[in-house]
Structure formats: C-alpha cells, structure tokens
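This report concerns only the one structure given below.
Note that the structure is predicted; figures quoted are calculated from it, not measured. Along the sequence shown, residues carry numbers from 1.
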Amino acid sequence: MGRSTQSSSQAPDGGAARRPSRARGIPEATVARLPLYLRALTALSERSVPTVSSEELAAAAGVNSAKLRKDFSYLGSYGTRGVGYDVEYLVYQISRELGLTQDWPVVIVGIGNLGHALANYGGFASRGFRVAALLDADPSVVGSTAAGLPVRHMDELEQIVESQQVSIGVITTPPGAAQQVCDRLVDAGVTSILNFAPTVLTVPDGVDVRKVDLSIELQILAFHEQRKAGEEPDSADSVLDRAPGPVRAAAAKLRRAAAGTAKAEPAARGTAAKKAAAPPAKPGGGEGDVQAVMPA
C-alpha cells in the first residue's frame, strides 16, 4: 500500500491528516464512503487485480457508479476510459486522504468483553492504527493482559496520552462512566473518540466523536424483520410479548386507556339522549328544577 509509519516517539500531526480533506472541500458523506472503497480495493489488490471499472468497484462497495465517480473526482482521480481505475494507486490515494499513511496510536478504555475483543482485533495494524495502551479502573482487571498488552490503571491515562502521543481514544465502558472517561481523554489532549458506550457524549468544539451503538443497529434490524414477516406492531400481540418490559408496560397502558375511552363514549351518548328526550321543566318549579327556555 506504500504506507510509511512514524515511530512512537514522533508526534503525528492529527490536524494535518484532516486538513487536506477540509481544504479541498470533500463532503462528509464522501469521507464516510472512502473506507468502503478502500476495503473493496484492498480485496482486489490481494487478488492481484490491476484495474477495476467504476461499475465493478461501486458494486463491491455497495454504492452506485455515478456516486463513486463523483466521490473520486474530489480526490482528483478520474480513471481511464476503457481501462478503469488503477487499483494500487487508488489504495494509496485513499489511504493518504484518510490519514492512514502514518501510525495512529490508539488507547482503549474499559477492558470488558468488548474491550478485549477490540484489543485482539487484527485489522488495526494493517489499517494504520496501533493499540498503544489498555486502561481500566477495576482493580481486578488492572494487571491482566489482552492481546499481549498489560491492562493499566486509569490513573495513568494522562501520562500515556502524552508519552505515546495518542490522539484517538476508544471508549468501551458502561454508559454511566463514559462521559467522565471522555472528559479525561479530552483534557489529556485526545481529539478523536470512538464511543461504544450506549450514551451520547458531550465534547467541546474541535473534538470528533463517532458512535457505535450495537443495540440500535439490532433494533433497526428487528424493525425490518418484523415488516418482512408481515407483522403489524399494533395488532400482533406476539410481537409485543417479545418486546422489552417497559415497551410491554407502555403498550398495556395505552390499551387500557383506549378501552376506557371506548366505554365512556357510549355512556356519554346515552346520557345526552336521555336529556334530549326528557320533558321540559315547569316554570316556577321547586329547588332543583330548571327554568324552561322559551323561544323568542
């Protein structure tokens, strides 16, 4: 891929990696698709495919070819008519644009099951990222190892960020601890955060946050599965029976309210009918009588 790396003692310029895209005005939607193109191109490169057409690459990346050509125009790459795009050159070009031609030290905070899985993920190194440290606040976890790295205490966070020149932090803590961890990362100088905790983080200007919420993605898939099965959420009790407790409770409350309204409406109509059919009260009646209203 033609990727050169920096030593851990050399500070990567986080701003420099982002400035080319912003200076050239590459839209955020295009930036979000560049990793998809890079993944498809890397697979082609591993198969020693020299060139690829826009249609073939678009299909591999899951986008339409017109959008792909527009995205590549922002990179100054237009391909060759009748030949297509040079795979190796595009791999280098996109890697450079994404800032992957240098080594990015990453710190992972929260070494539970997910933290362990991320630490052992082999795709980091091949894509320009190096796990510099694993951190946790649990004394029973500190001192253990994951992916050959020792789990260090959160008290060392600031020193690690400074010495390793970390600019990217990954949060895999429980939601209640995520904001505090985020604040400490930002205060230590981390300017990009990948958040796996199921909560929204508040960060100052200049700090980028990407959120990965697995439960939300599963809920969206559940929505589509429900539609594919032809089930309607408001008419199929079996769907609600499988729903979480708070959802079932809310649905039951709505059903009770609807039933109460349905019962009250006929009763109200019956009362109104009785009043309309009752004879008018006599003038001058006793206490409780209603004076008749005579038409003018």
Flag side-chain contact, heavy atom, 4.5 Å: [X] against [Y]:
X    : Y    : value
Y121 : V131 : no
I26  : D71  : no
L98  : P35  : yes
Y85  : T80  : no
M154 : V109 : yes

Is the closest basic N to carboxylate O distance between R69 and E55 below 4.0 Å?
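Here R69 pairs with E55 in a salt bridge, since their nearest N and O are under 4.0 Å apart.
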
Full working for side chain to side chain contact (heavy atoms under 4.5 Å, CB included) between V107 and V170:
CA-CA 6 Å; V107 62; V170 180; over 6 Å; no

Flag yes if more than 12 heavy atoms outside E156 fall under 6.0 Å of its CD atom; otherwise flag no.
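Enclosed: over 12 neighbouring heavy atoms sit under 6.0 Å from CD of E156.
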
Please check if the number of heavy atoms outside D155 that lie under 6.0 Å from its CG is greater than 12.
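Yes.
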
Please determine, by modelled atom types, if T51 and D86 share a side-chain donor-acceptor pair under 3.5 angstrom.
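No, because no side-chain N or O of T51 sits under 3.5 Å from a partner of the opposite role on D86.
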
Of all the heavy-atom pairs spanning A178 and T199, show the shortest one and how long it is.
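That closest heavy-atom pairing would be CB-CG2, 3.7 Å.
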
What pair of heavy atoms forms the shortest contact from T202 to C182, and how long is it?
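Shortest heavy-atom contact: O-SG, 4.3 Å.
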
Are the side chain of S45 and the backbone of L41 linked by a donor-acceptor contact shorter than 3.5 Å?
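No, S45 side chain to L41 backbone: no donor-acceptor pair under 3.5 Å.
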
Interatomic spacing from OG1 in T191 to CG in L185 - rounded to 0.5 Å:
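With rounding to 0.5 Å, OG1 (T191) is 10.5 Å from CG (L185).
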
